[in-house]
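Heavy atoms only: backbone and side chains are in, while hydrogens, waters and symmetry mates are out.
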Amino acid sequence: MIYTIYTQGLCGYCDAAKKLMKENSIPFVEVSLDHDYDARKMLKEMNCKTVPQIFDGELHIGGYTDLREYLIKPHDHKYRNPNQTSVFD
């Protein structure tokens with residue numbers, strides 16, 4: 001599954017999310033809302049008001065703090081399988 005991170009320029013949490021993914025060797029695609037009107041519209045329709053917004057495939061994880069929780073304690077995340085012990089399972 002490939003992750004997608006929706007970002008904007010001058011966003012510290014966006015940079016932190018990308019750094020976290022790189023540090024854990026997790027591939028991701030970055031979509032800049034500064035340049036992608038359709039992506040901006042999609043997130044607005046989802047009622048997302050902040051960036052970054054992060055997806056694991058079609059699963060909406062949330063922002064940077066949600067990503068940290070999702071990667072560190074996937075079994076505790078509200079969308080994860082309780083039998084899963086790691087994001088890499």
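- Y13 OH: 12 or fewer foreign heavy atoms inside a 6.0 Å radius.
- Judged as a side-chain hydrogen bond (donor to acceptor under 3.5 Å, both in side chains), the pairs with a partner in residues 28-44 (not counting sequence neighbours) are, in order, T7-E30, K18-E30.
- Side-chain contact between Y3 and L71: present, with at least one pair of heavy atoms (C-beta onward) separated by less than 4.5 Å.
- Distance CG/L20 to CD1/I26: 7.0 Å, rounded to 0.5 Å.
- Looking at heavy atoms from C-beta onward, E69 lies out of side-chain contact with I61 at the 4.5 angstrom threshold.
- The minimum heavy-atom distance between V51 and Q8, with the atom names listed, is CG2-OE1, 3.6 Å.
- Contact between P27 and S25 at its shortest, heavy atoms only, is CD-O, 3.6 Å.
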Output, in order, the C-alpha distance, side-chain angles, deciding distance and verdict of side chain to side chain contact (heavy atoms under 4.5 Å, CB included) for Q53 and I5.
CA-CA 6 Å; Q53 290 299 317; I5 303 177; over 6 Å; no
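- From D56, atom CG reaches atom OH of Y70 across 3.5 Å, with rounding to the nearest 0.5 Å.
- Listed by chain and residue number, nothing satisfies the side-chain contact (heavy atoms from CB on, under 4.5 Å) test with L10 (two or more places apart in sequence, or in another chain).
- For residues 16-60, the set of pairs meeting the disulfide bond (SG atoms under 2.5 Å apart) definition, not counting sequence neighbours, is empty.
- Using modelled atom types, one side-chain atom of D66 and one backbone atom of G63 make a donor-acceptor pair closer than 3.5 Å.
- Considering only residues two or more places apart in sequence or on other chains, Y6 meets the ring pair (Phe, Tyr, Trp, His ring centres under 6.0 Å) condition with F55.
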Working note: Y64 + T50, criterion side chain to side chain contact (heavy atoms under 4.5 Å, CB included); need CA distance, chi angles, decisive distance, verdict.
CA-CA 10 Å; Y64 170 71; T50 61; over 6 Å; no
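- Applying the salt bridge (charged side-chain N to carboxylate O under 4.0 Å, His left out) rule to E23 yields the partners K19; only residues at least two apart in sequence or on another chain are considered.
- At a threshold of 4.5 Å between side-chain heavy atoms, the hydrophobic network of Ile, Leu, Val, Met, Phe, Trp and Tyr places V31 and M46 in one connected group.
- Distance check, rounded to the nearest 0.5 Å: CG of L43 to CG of L33 gives 5.5 Å.
- At a cut-off of 3.5 Å, with distance as the only test, a side-chain donor of K49 or N47 sits close to an acceptor on the other residue.
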